[in-house]
Peer 1: 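Supplied in structure tokens, the structure appears directly below.
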Amino acid sequence: MGSGEPSLAQPDPATLARWREVAEAFALPGRWLSSRPYGSGWINETLLVEREHDGRRTRWIQQRINARVFREPALVMEKGARDADRRALRLVPARDGLPAFVDADGEWWRTFHFIEGASSRDAVASAREAGAAAEAFGRFLAQLADLPGPRLHETIPHFHDARARFEQLVAAAKADAHGRLADCRLDFEFVLAREGMVARSEALRGRLPERVTHNDTKINNVLLDDATSEGVCVIDLDTVMPGLSLYDFGDLARRAASPVAEDERDLAKVRVDPRLFEALVAGYLRGAGAALVAAERDELVFASQLMTLLLGMRFMADHLAGDRYFRIRRPGQNLDLARTQLALLGDFERQRDALEAIVAKAAAASS
Ligand code: ADP
Ligand code: GN1
Ligand code: MG
């Protein structure tokens, strides 16, 4: 199922009334028809809203910003409004003219124009798709390389700080608040053995240029054209903030260098596909063009390993802490997600030399 397909579950009348109230709070034309859950993100609540206007059905995307994750929703909205045009996601203001609507419970909602004729995928289906997504994220980096104005706010401080994530996991293991550590001790030790990667990431932070990065470059955060598979629009801009290009390429490779589900339980299937990785590197270099310097290109394989480790640590820490952060859909899902990441990291390590050769070849071809 594509990540954009709506869920069929019927909400209770109170929820439906709330969704309708939210839909009516925005300056949308015509008559409200329906609102229903949409997408498969782990953080925000996304709704697809349908309305009728001049005899036509129109579609809109509404989102409730998860205030436990984004402690200052106003910062998220400020960022979205300022860069709305160049990033192509277009906000619809609330009826009072403000960019967001705050409901009676203090929850923040926003509305986007629905981008038609394009969709997102939860897993990559072909090298062509991988290349198109990578090119879109690379272009995004290049376009923001000369963003005027002050340094962007950090919507989530230390978001991709591997040291902080490592410490967060160690603290969760130490507390072991739900008695879950015994079940994942081997996984935890696998991470502990990789503290050297954390140190290496700290050293890189001083050597590489700070950029404006997307920071959540999962394959389902880019809309691909339904007819041509070309990248149409990068979405999910909440975490756009200062960062390293390595975060964006690494997180992209984490999700798109392997065609399986993010929480695949058959770990034998969790492999880096060199053809997908090659398409990702080529696409990213094509999109980013001259914006990417050689020192950044040289770290693309390490970046992939680092972000895979980082997500493995985050999912495991959340599992140990009792599933408080990610909106998981079934018990044990955080642990499955963690294990898939660690299995993928193992394969990134096994194939390292071949992947480095792919990067060297693509870099030579692009310069
Ligand atoms: P989350 O933070 O929950 O991941 P996203 O912003 O990624 O939320 O949106 C969830 C899904 O909704 C996306 O994967 C995409 O399929 C769809 N979507 C989001 N914004 C739009 C839009 N403007 N037009 C069309 N589809 C969209
Ligand atoms: C979350 O919202 P969503 O599902 O696009 C998370 C990302 C993780 C991702 C893992 C704000 O992204 O950092 O990489 O899950 N977003 C936040 O799938 O924590
Ligand atoms: Mg998303």
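Numbering of ligands and ligand atoms starts at 1, following listing order. Because only heavy atoms are used, hydrogens play no part in the values below, and waters and symmetry mates are left out as well, while side chains stay in.
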Peer 1: Angle class for the Phe26/Phe101 ring planes (parallel below 30°, perpendicular above 60°, tilted otherwise)?
Peer 2: perpendicular
Peer 1: Of the side chain and backbone of Ile115, name the one, both, or neither that has a heavy atom under 4.0 Å from an atom of ligand 1.
Peer 2: both
Peer 1: Look at Arg330 together with Asp336 and state whether they make a salt bridge at an N to O cut-off of under 4.0 Å.
Peer 2: yes
Peer 1: For atom 16 (N) of ligand 2, find the nearest protein heavy atom and state the residue, atom name and distance (0.1 Å precision).
Peer 2: Ile43 CG1, 3.5 Å
Peer 1: So which bit of Asn44 gets within less than 4.0 Å of ligand 1, heavy atoms only: side chain, backbone, both or neither?
Peer 2: both
Peer 1: Counting only nitrogen or oxygen atoms and a 3.5 angstrom limit, does Glu262 reach ligand 2?
Peer 2: yes
Peer 1: Please determine if Tyr325 has a nitrogen or oxygen closer than 3.5 Å to a nitrogen or oxygen of ligand 2.
Peer 2: yes
Peer 1: Any salt bridge linking Glu195 with Arg163? Criterion: basic side-chain nitrogen under 4.0 Å from a carboxylate oxygen.
Peer 2: yes
Peer 1: Between Ser40 and Asp122, does any side-chain donor sit less than 3.5 Å from a side-chain acceptor?
Peer 2: yes
Peer 1: State whether a side-chain donor-acceptor pair under 3.5 Å links Trp42 with Glu262.
Peer 2: yes
Peer 1: Salt bridge or not between Glu167 and Lys174? Use side-chain N to carboxylate O under 4.0 Å.
Peer 2: no
Peer 1: Could you tell me which atoms of ligand 2, counted from 1 in the order shown, lie closer than 4.0 angstrom to a heavy atom of Phe70?
Peer 2: 11 (C)
Peer 1: Using distance alone, determine whether Arg314 and ligand 2 share an N or O pair under 3.5 Å.
Peer 2: yes
Peer 1: Ion pair present between Arg18 and Asp105, side-chain N to carboxylate O less than 4.0 angstrom?
Peer 2: yes
Peer 1: Should you measure from each heavy atom of Thr46, which atoms of ligand 1 turn up under 4.0 Å away?
Peer 2: 3 (O), 8 (O), 9 (O), 10 (C), 12 (O)
Peer 1: Is it the side chain (CB and beyond), the backbone, both or neither of Leu311 that lies under 4.0 Å from ligand 2, heavy atoms counted?
Peer 2: side chain
Peer 1: Starting from atom 15 (O) of ligand 2, locate the nearest protein heavy atom and write down its residue, its atom name and how far away it is, to 0.1 Å.
Peer 2: Trp42 CD1, 3.0 Å
Peer 1: Suppose I only count heavy atoms of Phe326 and a 4.0 Å limit; which atoms of ligand 2 are within that range?
Peer 2: 15 (O)
Peer 1: Does any N or O of ligand 2 fall below 3.5 Å from an N or O anywhere on Asn44, backbone included?
Peer 2: no
Peer 1: Which atoms of the protein, restricted to N, O or S, are nearer than 2.8 Å to the Mg ion (ligand 3)?
Peer 2: Asn221 OD1, Asp236 OD2
Peer 1: May I ask you to identify, for Asp216, whether its side chain, its backbone, both or neither come under 4.0 Å of ligand 2 on a heavy-atom basis?
Peer 2: side chain
Peer 1: In ligand 2, which numbered atoms sit nearer than 4.0 Å to a non-hydrogen atom of Gly41?
Peer 2: 4 (O)
Peer 1: Please check whether Asn220 reaches ligand 1 - meaning an N/O of the residue sits under 3.5 Å from an N/O of the ligand, judged on distance alone.
Peer 2: yes
Peer 1: Are any of the side-chain nitrogens in Arg329 or Asp263 under 4.0 Å away from the carboxylate oxygens of its partner?
Peer 2: no
Peer 1: Could you list the atoms of ligand 1 found under 4.0 angstrom from a heavy atom of Asn221?
Peer 2: 7 (O)
Peer 1: Give a yes or no on whether a salt bridge exists between Arg185 and Asp176, defined as a side-chain N under 4.0 angstrom from a carboxylate O.
Peer 2: no
Peer 1: Would you call Asp248-Arg211 a salt bridge at under 4.0 Å N-O?
Peer 2: no
Peer 1: Taking only heavy atoms of Tyr38 into account, list the atoms of ligand 1 that are under 4.0 Å away from them.
Peer 2: 12 (O), 17 (C)
Peer 1: For atom 13 (C) of ligand 1, which of Ile43, Asp238, Ile235, Leu91 has the closest heavy atom?
Peer 2: Ile235
Peer 1: Any ion pair linking Asp54 and Arg56 (charged N to carboxylate O, less than 4.0 Å)?
Peer 2: no
Peer 1: Could you see which bit of Asp236 sits under 4.0 Å from ligand 1, with heavy atoms only: side chain, backbone, both or neither?
Peer 2: both
Peer 1: Would you please say whether a donor-acceptor pair under 3.5 Å links the side chains of Thr308 and Gln341?
Peer 2: no
Peer 1: For the 3.5 Å polar cut-off, considering only N or O atoms, please tell me whether Ser40 and ligand 1 meet it.
Peer 2: no
Peer 1: Any N or O of Phe114 that comes nearer than 3.5 Å to an N or O of ligand 1?
Peer 2: no
Peer 1: Give a yes/no verdict on a cation-pi contact between Arg194 and Phe190, requiring under 6.0 Å between NZ or CZ and the six-membered ring centre and an angle within 45° of the axis.
Peer 2: yes
Peer 1: Check ligand 1 against Leu89 and write out every atom of the ligand that is under 4.0 Å from a heavy-atom position of the residue.
Peer 2: 23 (N)
Peer 1: Give the contacting part of Lys218 toward ligand 2: side chain, backbone, both or neither, where contact means a heavy-atom distance below 4.0 Å.
Peer 2: side chain
Peer 1: Given Lys218, Arg121, Gln63, identify the one with the heavy atom nearest to atom 9 (O) of ligand 1.
Peer 2: Gln63
Peer 1: Provide the number and element of each atom of ligand 2 under 4.0 Å from a heavy atom of Phe315.
Peer 2: 10 (C)
Peer 1: Between the side chains of Glu299 and Arg200, is the shortest nitrogen-to-carboxylate-oxygen separation below 4.0 Å, so that they form an ion pair?
Peer 2: yes
Peer 1: Consider every N or O of Ser40 and every N or O of ligand 2, then say whether any pair is closer than 3.5 Å.
Peer 2: no
Peer 1: At less than 4.0 angstrom from any non-hydrogen atom of Arg254, what atoms of ligand 2 do you find?
Peer 2: 10 (C), 14 (O), 18 (O)
Peer 1: Using a 4.0 Å heavy-atom threshold (strictly under), name the region of His113 that reaches ligand 1: side chain, backbone, both or neither.
Peer 2: backbone
Peer 1: Backbone or side chain, does any N or O of Asp236 fall under 3.5 Å from an N or O of ligand 2?
Peer 2: yes
